[in-house]
Amino acid sequence: MEFEGCSCFRQRLVLSTLSGKRVKIRNIRSKDDNPGLRDFEASFIRLLDKVTNGTRIEINQTGTVLFYQPGLLTGGAVEHECHAQRAVGYYLEALLMLGPFMKTPLRAVLKGVTNDPSDPSPDLLKITAIPLMKTFGIDGDGLEIKVVKRGVAPGGGGEVHFSCPVRRSIKPVHLTDPGKIKRIRGTAFSVRVSPQMANRIVDSARSVLNTFIPDIYIYTDHMKGQSSGNSPGFGLTLVAETLNGTFLGSEVVSTPQGQGDPVLPEDLGRNCAKLLLEEIYRGGCVDSTNQSLALLYMTLGQQDVSKTLLGPLSPYTMEFLRHIRDFFQIMFKMDAQKPGEDECRGGEKVLVTCVGAGYSNISKTIK
Amino acid sequence: MEKKEQKRHQHKHSGPKAQKKNRKKEHGTEPEQDERKRNPRAFGVKSAVRMAKTFHRAQDIKTKKHHIPLVDRTPLEPPPIVIVVMGPPKVGKSTLIRCLIKNFTRQKLSDICGPVTIVSGKKRRLTFIECNNDINTMIDLAKVADLVLMLIDASFGFEMETFEFLNICQVHGFPRIMGVLTHLDTFKDNKRLRKTKKRLKHRFWTEVFQGAKLFYLSGMVYGEYQIQEVKNLGRFISVMKFRPLVWQTSHPYVLADRMEDLTDPEAIRLNPKCDRTVSLYGYLRGTFLKNKCQVHIPGVGDFSVADVSFLPDPCPLPEAIKKRALNVKERLLYAPMAGVGGLVYDKDAVYIDMPCGHANKQQEEVRPTTELVQSLIGTQATLDVKMAASKVSLFTGTAALTPEEVQENGKQNPMESLEWDEKAQRERRRAVFADQDEEDDDDEDDEEMSDEEEEEEEEGEEEEEEGEEEEEGEEDEEEEGEENGEGVATLTKEDKTAMEATAPPVKKQKVEERAEMPVFADSDDELEKSEGEETEDDESDDEMEEGKPVKKSSGPDSGLCSEEDDDDDDDDDEDDDNEEDGDEIVNSKMSSKHPEEKETEDAEMGYETAGALQWKEGLAEKATEAYLRQQRAVPNLRKQVYGTVAEEGEEDSNDEEELGGLFKVSRPEKSKKVRADAMDCSRFHPDSSHDWDQEEMLASIRDCFVTGKWEEDKDAATLLKEDDDLYGDFEDLETGEVHKSKAGNKDQAEGGNDDEKNDGGDDDEEEEAPQVKFDDAEIQKNKRLEKKRRLKERFNTQYDDGDATYFDDLKEEMQKQAELNKQEFEDMDDEVRVQYEGFRPGMYVRVEIPALPCEFVTNFDPHYPIILGGLGASEGNVGYLQMRLKKHRWHHRILKTRDPLILSLGWRRFQTIPLYYIEDHNGRHRLLKYTPEHMHCGATIWGPITPQGTGFLAVQTVGGIKASFRIAATGVVLDLDKSVSIVKKLKLIGYPYKIFKNTCFIQGMFNTVLEVAKFEGASVRTVSGIKGQIKKALRTPVGALRATFEDRLLMSDIVFLRSWYPVSVPKLYNPVTSLLMPVGQKDTWGGMRTLGQLKYDLGIRNKPNQDSLYKPVVRQVRHFNALHIPKELQKALPFKSKSKQMQAKGKTPRDLQRPAVIREPHEKKVAALIQALSSVYSYKNKKAKAEQNTKHKEFLKQKEKEDAERQKRLKEERKKTFRAMGQKEKKKLKSSLKGASKDN
């Protein structure tokens, strides 16, 4: 399969790895002043190479053409130094997609920037993606994301441990009713700044959310010394949990040191709370960051009908849907669900339905 | 046997028993008391162990019955069941098929060629296929068979083919197998017949399972089997149930029953060996088939499908199931390869099978029709002209559009390639899109329309023609033939209706859409148009999109293609219905619509009709609005994702300006270059329009929280009320308050509620039509149903679920899933449905495959099955496969590593080079030179990636029959990988050349310093068992090294290093292309030869090792040295141990020599006398001694005898005395006891 440009770079490579189809990406930033693959993309390719066996990667001299022939996913213990241009979440998202289809359970150690404004942080993935994976039957004590050291952009120096058990097939899901939100939890972290920052964040966030629900608890997480990375920063991750076990999350991180105006912790807390409200407004059984993950697992499920209620599809998800069609020939049926006149339950939802591809983990050994 | 009427029990009305009973009755207390209570002892626990055992046993039996529950994925209308008729040659396979077909359809087939599909019952269709004796065919058919009829020649007994086939079946999932014994009439002797039957039956049972069905066909009547027996067999077949096989249920496959070459004839003319494009037809089986997927054609290779489309079922099941049996019209037969059921409808053509002989006669008789056809053929070329002339009016009352006008929008036109269709005797046009654009279809449509119009006429005529022709052909035949003719006639009629049922809707839709587009011109169409002007980059995308349309439209003419985007929309669209009237005026074709269809369509869009009418009347402005919004919402979302590449978020698209409330302005999209290199980030940035400081915004999500308002059915108050309803009135015992159920009130409230709800529903319908598609009655009904369901659920949770096990839960879950699978896409149009699901099993599909080797077409032989086996994700790739393998116990020879072997794995048959290995205790894979005799071993091959757990079988050759039992090995795939870990043992030998204390310099083990460096720290050993370690390389001589040992070495020691050398697996993956072989030689595929075979063929003999040659044995005489004891030692030795070496006696010197004594004569005499006397004496002595001896012996004997006597006597004596003593003792005891008692 041939693609152009480096957008959706991860999607393409991940889907290629899962479907076994080789991919050629041309014109990667060919018109750019600095053409070719960026360092973080190269780092991503290296990570893929580490978790697979027999992968063939060819990049031309300028780095504008990439040929990727996937191998088989092996997993095992992997340690990867993520490039500081993108946060660990960039890599972790791909690993979440590949994790259950390895030969041996994956135990990845990702080092680099844990929190930056562009990528979902491991904290967010931990509280939203992990419960989501559990609904697909990927559970057991092995499934875990742990932030051992926190490193904020631009310096990095964080460390995240991710382990994932192996599954032979994925269960179909029927997530059509998100249920009502019963509690809100969150983590406010601060590194290399005053520990008071976290408390200030918490207060401001609570002030916004308290109008809706009293059951709010936001942990403060101040890391010191070794585990605090190289740059100062602070941030907040919020998650709303519903009665039916849906987790909607949001997060905001302070602007990296030396890049733009610094933010006040109060503003950050309020912003994050508003983001959470936005997320709740969008609604659905899967929050906007994990839409593509849920869609992937639905695609790779058994040959049964899966249904999931999503909020409005993000552009990234739409792109992902297109790629799923290209790689797996699976189309999703999408029914828009508009809220009623009198009910105040956020915006328009999309009920996506698909028949799984009947994918089975071909890497797993049987004895 | 009639049952004897038994006398009923007479109750006693008088007497003690009756009295007893009466008494009981009067008392009225526990007349039927529980046995357990009445007699607790009888039911008490006697032995806990025993109880535990019985319990365990009961549980075991219960659990053994369980199978892992699977989701039932059988489609509503299953594909025909594949029945493979297998057996050695001349056993009666064709006869059996013929008889069965005749039994089911009353038709006679002369030649069984390829699969034959028939309708056997109300719910069942059968596909018969004959399996010849080629092992390739056997392997292929075993993979697709649902039922195997295994024919066995009873007069001969089992043949190897039967067992081979059984083994093939076993490996590839065991389909149902039914044995059929033929040639039973050759037995004249009844007893022998019986015995043979029994023997064969038992042998068959051991192979299949105990009690496997074995059928007996006793004899032939006029070259056919007896009708009754065939009928019985047919019954068995038509009620048989099948178990799902893993491979078959997880892969789509098509057993092609028709093949057509679509290659451009010009290309063939230029290069007869050019790759061909071929379309294959058949029922889809297994699972969903996706368009553009990869397929494997066993015997040819892997191909990617260019296009799949579904066609009307050529052999449909009867529609109405009211009657008990099928009538003659419904007994259809479809066998294109066998040349029956001659009329075949394709999406773009009708094919008629015309026997040459009849064709001429036909020509004369049915001149007018043929003329018309001829004229059509003639006019075919002028279609464009026709098209140009044709006009379509979009609105009633507006000016008609000419194609030129329409074409202005489009940029590219389809290229036309003409093909001469041999069968239809006409030229067919093929629309070839150089670069398909969605735009084209508009004008293409018109073309299509007129084309189809004509075609319809044509078809009609052809049908007639066909019918007549058939009758003509069959006239000379007898009764049977007439039946046949009738069958065909009915078939044509059936097909006609089928045609009408299926094809027209397509047409009609097209027309509608054409008309509809300008009216509602929803934004997307505009988008598409604008896209036509986009840069080249978009075109690649467009092509991708095109894939989906093609999937549906099936034909090379993509008239439908690009439109399908619209027509998915319009299954929700009301326009269809609105426009219907208009359309009918515009196009008379509409009137040809079947009333039935209309109904179904109306039913489909029932909810819309109401709205549509309103709109039409122009009464409710609201409805229109809702309409538009809906139109925008649902299809847009789909289109946004899959249709045109719309990169703006959906908000943007919604924000698009509207012109006149109907038309939308489409803007050119942002340049793609920017997008192509966009940042790869999964964050979804919030909508800037939402300001979360505002109260309204906050209020809009208030209900998402538990603190917000709940739905009516889940609201706490409602639930409470329902509880009241459920449990009725109760009294609070503490307060004494009586709660009454408020049924009446409630009803009222409910009614009020309902009204409200209804109003709400109406609103809903207008406002949010996509979700709420029911009218009021339905809403109410649903509500009631929902309520009932909830009540039931609650009841169940309270009473039933106590003993529900995990298994039950699992089963229920599966059941639910199966239902959902069935329902989800049920009411969708097939065209749309195939996009979501893929083509579902049971559909009759046409699969177009490009770039097939020309031999496939030129060497086509319908006797060999063509199977399209769908491949799953990454099953098209190649890698290393680790498998567990066992040499078949009936195969004569063990298998050698690196000898090529032909494997049947998944769909594929391929030749590869396996390496055999065995796993050591530490997990090391050690190479084996040969497979073990009776044990499993591992095997690694380079081959196609196939899911783990798939079984395979191996044969050494597929060409001819050389081995007595061809299946060499069987096994299962364990692991897939891209690298191998097989090692073989390597011993490196070196010799010490300098020995220090425990250190030693060794040479001869390595050749360079580098090699040594690699092995530093490795452990070495000497033959005598002294262990050591390699320390460092020495500079000179090269390859020498220093090693330390645990003891001092000798110069004569040999040092060796044991290591493991990784072996690489040869990358040979050679698919068996047996279908490409010339006709008649298809079973002669050779492939790579083994080394032994090669040497044998070329006459090469290895030079033997000199050491292993025999030489004459020369034995050397052994020579021992004398024992030498040092003098000192000898001196020290005690005399006894001193070596008794005598000096060899030399010659005695003369002085020591003694003189010889010579006797005097007298002395001589004396000596002689004394000699004589002494000999006499000694003789006497001897004699006396002997005598004495005998006497003594005699004496001893005597004595012994006496002794024995004496002993005996003594024993007697002793016995007597002891007895006496004993008695005395007893007496004494007695007396003493007596005395004691007396004393007492």
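Excluded from the calculations below are hydrogen atoms, water molecules and symmetry mates; all remaining heavy atoms, backbone and side chain alike, are included.
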Whatever's closer than 4.5 Å to a heavy atom in chain B on A:Ser250 counts as neither
4.5 Å side-chain heavy-atom contact, A:Lys307 and B:Glu824: yes
Heaviest contributor of heavy-atom pairs below 4.5 Å to chain B, chosen from A:Phe327, A:Phe212, A:Phe332, is A:Phe212
Applying a strict 4.5 Å limit to non-hydrogen atoms, the region of A:Leu72 in contact with chain B is both
Bottom line for A:Pro178: the part with an atom under 4.5 Å from chain B's heavy atoms is neither
When the 4.5 angstrom heavy-atom criterion is applied to B:Glu919 and chain A, the contacting part is side chain
Is it true that A:Glu93 and A:Arg86 have a side-chain N and a carboxylate O under 4.0 angstrom from each other?
no
Turns out that what part of B:Gln817 lies under 4.5 Å from chain A's heavy atoms comes down to side chain
Answer key: most heavy-atom pairs under 4.5 Å with chain B among A:Pro172, A:Cys354, A:Ser360, A:Ala273 is A:Pro172
Paired with A:Thr317, the side chain to side chain contact (heavy atoms under 4.5 Å, CB included) test is passed by just one of A:Asn290, A:Val352, A:Thr289, A:Leu295, namely A:Leu295
Side chain to side chain donor-acceptor pair (under 3.5 Å) filter on B:Lys978, not counting sequence neighbours, yields none
Note: vs chain B, highest number of non-hydrogen pairs under 4.5 angstrom among A:Thr242, A:Leu277, A:Ile184, A:Val355 is A:Leu277
Whatever's closer than 4.5 Å to a heavy atom in chain B on A:Asn361 counts as backbone
Original post:
Heavy atoms, side chains only, cut-off 4.5 Å: are A:Ser121 and A:Val253 in contact?
Top reply: no
Centroid-centroid distance, B:Phe839 to B:Phe288, less than 6.0 Å: no
Whatever's closer than 4.5 Å to a heavy atom in chain B on A:Ser292 counts as neither
ask   = Do A:Phe328 and A:His323 have ring centroids that are under 6.0 Å from one another?
value = no
Most heavy-atom pairs under 4.5 Å with chain A, out of B:Val973, B:Val972, B:Thr946, B:Asn877, belong to B:Asn877
| query | Do A:Phe9 and A:Leu37 touch side chain to side chain, with heavy atoms closer than 4.5 Å? | reply | yes
Answer key: most heavy-atom pairs under 4.5 Å with chain A among B:Ile945, B:Leu976, B:Asn821, B:Val71 is B:Asn821
**Request:** Salt-bridge test for A:Arg12 and A:Asp326: reply yes if a basic N is under 4.0 Å from a carboxylate O, no otherwise.
**Result:** no
From the list A:Glu251, A:Gln69, A:Arg183, the residue making the most non-hydrogen contacts under 4.5 Å with chain B is A:Glu251
So, the part of A:Tyr90 with a heavy atom under 4.5 Å from chain B: the answer is side chain
Mind checking whether A:Tyr359 and A:Gln302 have side chains closer than 4.5 Å, heavy atoms only? no
One should read off an interatomic distance between A:Thr299 OG1 and A:Ile324 CD1, to the nearest 0.5 angstrom, of 3.5 Å
Under 4.5 Å to a heavy atom of chain B? For A:Lys103 that would be side chain
Chain A shares the most heavy-atom pairs under 4.5 Å, among B:Ser250, B:Gly879, B:Cys681, with B:Cys681
Query raised in the report: Is there a ring pair (Phe, Tyr, Trp, His ring centres under 6.0 Å) between A:Tyr91 and A:Phe40 once you walk through the steps?
Result: CA-CA 9 Å; A:Tyr91 305 89; A:Phe40 66 89; 7.9 Å; no
Checked A:Ser118, A:Ser306, A:Ser288 vs chain B; the most non-hydrogen pairs under 4.5 Å come from A:Ser118
With chain B, the option among A:His174, A:Arg38, A:Arg270 that has the most non-hydrogen atom pairs under 4.5 Å is A:His174
Applying a strict 4.5 Å limit to non-hydrogen atoms, the region of A:Gln303 in contact with chain B is both
